[in-house]
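Numbering starts at 1 and runs along the sequence shown. Basis for what follows: all heavy atoms, side chains included, without hydrogens, waters or symmetry-related copies.
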Amino acid sequence: MDNFGLLLYNIVVALFAFFGAAPCILNAISLFGVQKRFTQTMVDEGIISAEEVRKIQPKKQIASTIIAALILGVLLWFCYEVQSWGFVSAIMPLMLGFWKFRKILQLNNLTVKRFLSTYQGRLDTKKFNKYVKKHS
């Protein structure tokens, strides 16, 4: 029965690494990459003011970095608890999660949706819709 409990524990760690840690870490990375470039493009197009971006973007980056670090810390703690297979049962699903959710790091409609939800009510909606329609 002890081996079955260990198996269930490793399955939970693997699922957490794949569905929880990987997307969260990739989202934190994308805030400093693709989302930052997209936001700068929106400022250049006159869709949102640079002042609004300076107010919101650093807070969002700090929060996502802290959350990603906490989630990674929890994952490493789970791995440490089950030293024999802990790292294998977490690192492989984490790498597969990075591969599966890699589109978070690319400019796509997910980036546009995240930008719209972040700056909702603070941007010129007509210009934004025109820009999205033009580049779709």
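Note that the OG atom of Ser89 and the CZ atom of Phe16 stand 12.5 Å from one another [nearest 0.5 Å]. The CG atom of Leu31 sits 10.0 Å away from atom OG1 of Thr111, with the distance rounded to the nearest 0.5 Å.
For Val88 against Pro93, the heavy-atom pair with the smallest separation is O-CD, 3.9 Å. The two residues Pro58 and Val53 come nearest to each other via the heavy atoms CD-O, 3.6 Å.
You'll find the side chain of Leu26 reaches within 4.5 Å of the side chain of Leu105, heavy atoms only. Looking only at side-chain heavy atoms (C-beta outward), Lys127 and Tyr131 stay at 4.5 Å or farther from each other. Contact annotation: the side chain of Tyr119 approaches that of Thr39 to within less than 4.5 Å [non-hydrogen atoms, C-beta and beyond]. Between Asp124 and Ile48 the shortest side-chain heavy-atom distance does not fall below 4.5 Å. Annotation: side chain of Gln35 is in contact with side chain of Lys60 (closest heavy-atom distance under 4.5 Å).
Under the 4.5 Å side-chain heavy-atom criterion for ILVMFWY residues, a single connected hydrophobic cluster contains both Leu75 and Leu15.
If you look at Phe128 and Phe115, their ring centroids are closer than 6.0 Å.
Ring pair Phe101/Phe18 is tilted by interplanar angle, where 30° to 60° counts as tilted.
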